[in-house]
Amino acid sequence: MSSSSPTGKELASTFNPADIESSLYSKWLKADYFTADASSTKEAFTIVLPPPNVTGVLHIGHALDQTLQDCLSRMKRMKGYEVLWLPGMDHAGIATQNVVEKQLGAQGLSRHDLGREDFVKKVWEWKAESGGAILDQMKRLGVSVDWSRERFTMDEGMSKAVVSIFKKMHEAGLIYRAERIINWCPRCLTALSDIEVDHQDDAGEFVQIRYGEGEQSIVVATTRAETMLGDGAVAVHPDDPRYKHMIGTEVLLPLVDRMIPIIADELVEMDFGTGAVKVTAAHDPNDFEMAVRHNVPFVVIMNEHGVMAGTGTEFDGMDRFDARVAVVAKLKEMGRVVAEKRPYIHAVGHCSRCDTTVEPRLSKQWFVKVAPLAKASADAVRSGEVKIEPEALAPRYFEWVDNMHDWCISRQLWWGHRIPVWYGPNDEVKVIGPDEKAPEGWTQDPDVLDTWFSSGQWAFSTFGWPEKTADLAKFYPTSVLVTGYDILFFWVVRMMMMSTFAMDGVAPFKTIMLHGLVRDQFGKKMSKSRGNVIDPIEFMDKYGADALRFTLARGANPGTDQALAEDWIGGSRNFATKLWNATRFAMMNGANVNGALPATSELNAIDRWILSRLSETLRDVDSLLENFEFARACETLYHFAWDDLCDWYLELSKETFASDSKANSQRVLGHVLDQLMRTLHPVMPFITEELWCTLTGGESLVVAGWPKSDSSHIDKKSEKLISTLQEVVTEVRRFRNDQGLKPAQKVPGRFSGSADVLEYASALRFLLKLEDKDFTPSASLEIGGIKIELDLTGSIDVVAERARLEKDLAAAKKDLQTAEVKLGNAGFMAKAPADVVVEIKERLAKTTSDIERITAALAALK
RNA sequence: GGGUGCUUAGCUCAGUGGUAGAGCGUCUCGUUUACACCGAGAAUGUCGGGGGUUCGAAACCCUCAGCGCCCA
């Protein structure tokens, strides 16, 4: 059987995604549909793609994030906006440098063997050869990004912007250099910001050590015994009665034989450990704070590799973890270990890139003073200029921006934006802007900037800032930022801070739409070690991009994680096949979009009903998508397409399509499919494009109009009638099933009752496999005022029928009781809204008549 | 320790005051003018426990228990 289209094209009998996806994507690129026009008079709709790492490959989280962005972009494009969805990549400082260093390591080389210049050259070579694999994978998903505007955080324009903003922030007093305790990775040999540190529960030890002798001794507790070599004081709480008398005195620090003071500071928790803590000013952030307050000296006892150095003890030259063991052993020997707990589970910081245990280290670094920036970022949300969706996640945002520490932005790496600060021969310090030259003989700071410093500018420097470009004017601020809540703090907050600063207080987006993480089918986090990682490419190969996209969008409830299983992607593929076959069937039956839709007065109730359901669906889906309710939008479309259209409309209309009076229905069906394909297109771009072009002969759904719900089509009367037909069909099917009739077995049957239902008697007969001929009824049913009589050749299964009726009777009695209780409740009658009371009264009447009918039927059964 | 969620069918989750829902899975029947990647029918829940507010609570409040995430 074939289905012909306006273009003479035919649909294959089975849907195979691989046949259409890549050629459709090429078609869209060739037609230049995704390239935005800054000179357009249309209202702009802008999204910047959260730039994936240049080292990255597409994982399921990207697939979700990008599917949602593509849905919004495609819908807005169809709605007539000038849509810019800007793609690009992040240079990912540490991650990328690690990749290239690893490659060098395989050849027995380190970056130092190459030298800075050649190493950076090598990284660029790596990028040209193997970087950005993710971009091609994104094309598989069908992303409608503007490739002509693709950016990279290290490209020329963005690099210039980085230098410009550094200078601007420095001039505003927002960037400074200071000696502080920072997170140090002894393997990557660089400083890390707070958010580049992952806290894990590690099995460590908790050791209590006695300092001093006799009366003048005090027991401190620590998880890092080796740092005692650098202690400058012991701290207690000022109100602690145990130690009050010792405040201001000194105790002997063992091993190094130094007298150190006992100080009082409110930071100390009396209930924790012994209530006395050692103060290692150069190796712990809290100790550093106390040391500053009490003038405790900073004693550095480790080098950059985490190796003990400069303590003047036997421990110099030992790795920090070996030193921990050795120091405890030695102290034990001396009888100074009062108590030990092992294992002691506590949170320990690890480098988020290489998992090495982070070492707090006193070091001179560049910082951003975040207080004013964070306040502006918080205010933008508090004032309503920026909306967080879902609103429930706003407190998390505030918790962060309201309590933010200064941001360490220097990294001791080679791959990244080099800090534009130059030092003169006499310790002069100067920030050199993009168009300036450093004086002769000066040297540049060797460090580079934190990757987030440049990606924080993604929402404006991608448009050409600091130049006053047409793109910037047209597309900034962006409309919505779509991203996972997991990078709210990493990236979103940085974008907010940098953008509001650079763009004169205008926040970078109007809405921050946060989605959750994709988890495995049991809701567990995906991880390589668990072996439960879902590869989006594999599943696109297997089920098609549309199936993956639909599954992800259907699971995307605002701000919450979603589980994903292969079976569910298979289910979405089944849905795609359903759409394919429904369209194929429709076209075999002459569905078309030629000319105007017939007036509703000329349509039968089935056509009026599907138009009514269509209008309601379009109305609901539009509002759901505008509110980022992707899951509910998909659910609504799924049930309209599968239940209303395929299971009921097509089945009820088969009779019509076989008759001579089918023209109106053919036009209606064409219209419904046309609108359905348009509405599904943002979620399932490939199959809808293929089906719609075949059905309508149109150029492309990418540039087709977004459907408007036609409220004049909403027809409650037809909905009521069709719902009665559905009830009749379902009940008779149930009866047939209970009676053991085969689905295809024809049975003589006839209807009597209200005329508007009887008008569709032949459609009912078709669905119920009832024959229209004279017979003596042996069974009868009554549903919704319609009487159905059937001939079961004289014998029916009385036991089965009795069981069925009794079940119905019990349900009806239960309903009756609830209704009676409510109506008999004076409080309910007095306080419940009128429409609820009416509803309950109707329910009472219906259940009463049902009970009478069922009771009579039971009595009639022999 | 601070913050913030979650607990509804076998599994994963919707559902914010008016008769408990979906997808997947399970059971039965079935190749009938698209589709077995299908159709028809069925089973399955004192909505974590307890208390309160209300005419009415899965939903609102309190409390207990369990689980999770973020931050320190």
Side-chain angles (χ1 to χ4, degrees), chain A residues 1 3 11 13-15 194-195 199 269 271-272 285-286 347 349 392-393 395-396 398-400 403 485-486 488-489 516-517 519-525 543-544 547 551 554-555 557 559-589 629 631-632 634-635 638-639 642 646-647 650-651 654-655 657-658 729-738 740-746 766-769 807 811 814-819 821-833 835-837 839-840 843 847:
Chain A
M1 211 169 291
S3 49
L11 291 174
S13 61
T14 325
F15 168 52
D194 292 347
I195 54 174
H199 293 271
E269 285 177 56
D271 305 335
F272 186 74
N286 288 330
L393 290 177
R396 287 200 192 192
F398 291 126
E399 194 207 338
W400 185 266
N403 304 297
Y485 63 73
D486 56 323
L488 183 61
F489 312 136
L517 310 176
R519 294 168 172 275
D520 78 0
Q521 60 184 313
F522 303 112
K524 297 275 177 255
K525 209 168 172 174
Y543 301 104
T551 310
R554 190 181 189 178
N557 288 113
T560 61
D561 291 352
Q562 61 172 297
L564 182 66
E566 177 165 0
D567 279 353
W568 309 343
I569 304 173
S572 298
R573 186 268 321 265
N574 296 352
F575 179 52
T577 308
K578 192 76 183 174
L579 294 172
W580 184 271
N581 280 304
T583 307
R584 198 163 64 94
F585 176 72
M587 287 173 61
M588 291 188 305
N589 283 286
E629 296 265 15
R632 293 173 66 190
C634 288
E635 202 65 17
Y638 180 91
H639 287 293
W642 203 312
C646 294
D647 287 350
L650 291 180
E651 294 302 327
K654 275 179 177 169
E655 248 248 321
F657 286 123
V729 169
T730 306
E731 282 305 309
V732 174
R733 278 173 175 167
R734 193 174 144 226
F735 173 79
R736 289 184 52 124
N737 209 287
D738 289 347
L741 295 177
K742 303 294 176 208
Q745 190 179 331
K746 298 248 183 197
F766 175 79
L767 287 182
L768 293 168
K769 309 292 171 222
K807 199 180 145 196
K814 202 183 145 205
D815 286 354
L816 178 72
Q817 205 198 347
T818 4
V821 167
K822 286 206 173 198
L823 294 172
N825 181 330
F828 176 80
M829 295 307 284
K831 295 189 177 173
D835 56 326
V836 175
V837 176
E839 197 191 314
I840 304 291
R843 204 181 298 158
T847 46

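Residue numbers start from 1 in every chain, and the chains themselves are labelled A, B, ... in the order their sequence lines are given, proteins ahead of strands. These numbers come from a predicted model, not from an experiment.
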> Is a donor on one side and an acceptor on the other found under 3.5 Å between the side chain of A/Asn737 and the backbone of A/Arg733?
Replying inline: no
> Counting distance only, does the side-chain N/O of A/Arg736 pair as donor-acceptor with the main-chain N or O of A/Leu768 below 3.5 Å?
Replying inline: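 It does hold such a pair.
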Counting side-chain heavy atoms from CB outward, which of [options] is closest to [X]?
| X | options | value |
| --- | --- | --- |
| A/Pro743 | B/rG30, B/rA14, B/rC37 | B/rG30 |
| A/Asp647 | B/rU32, B/rG39, B/rC29 | B/rG39 |
| A/Arg573 | B/rG23, B/rC37, B/rA43 | B/rC37 |
| A/Thr577 | B/rG18, B/rA14, B/rC35 | B/rC35 |

Inter-nucleotide [atom1] distance ([N], [M]), Å rounded:
| N | M | atom1 | answer |
| --- | --- | --- | --- |
| B/rG23 | B/rU44 | C1' | 16 Å |
| B/rU12 | B/rC6 | C1' | 14 Å |
| B/rC35 | B/rC27 | P | 26 Å |
| B/rU46 | B/rG21 | P | 15 Å |
| B/rU16 | B/rG56 | C1' | 15 Å |
| B/rG1 | B/rG17 | C1' | 37 Å |

Taking OP1 and OP2 of [N], is either one under 4.0 Å from a side-chain nitrogen or oxygen of [X]?
| X | N | result |
| --- | --- | --- |
| A/Thr583 | B/rC35 | no |
| A/Arg843 | B/rU19 | yes |
| A/Lys524 | B/rC69 | no |
| A/Trp642 | B/rG39 | yes |

>> Mind checking if A/Phe657 touches a base, just sugar-phosphate, or nothing, with heavy atoms under 4.0 Å?
In response: nothing
Rounded to whole angstroms, how far apart are [atom1] on [X] and [atom2] on [N]?
| X | N | atom1 | atom2 | result |
| --- | --- | --- | --- | --- |
| A/Asn574 | B/rA34 | CG | P | 18 Å |
| A/Asp486 | B/rG5 | CG | C1' | 16 Å |
| A/Leu517 | B/rC69 | CG | P | 11 Å |
| A/Asp835 | B/rG56 | CG | C1' | 14 Å |
| A/Tyr543 | B/rC24 | OH | C1' | 13 Å |
| A/Asn581 | B/rC38 | CG | P | 10 Å |

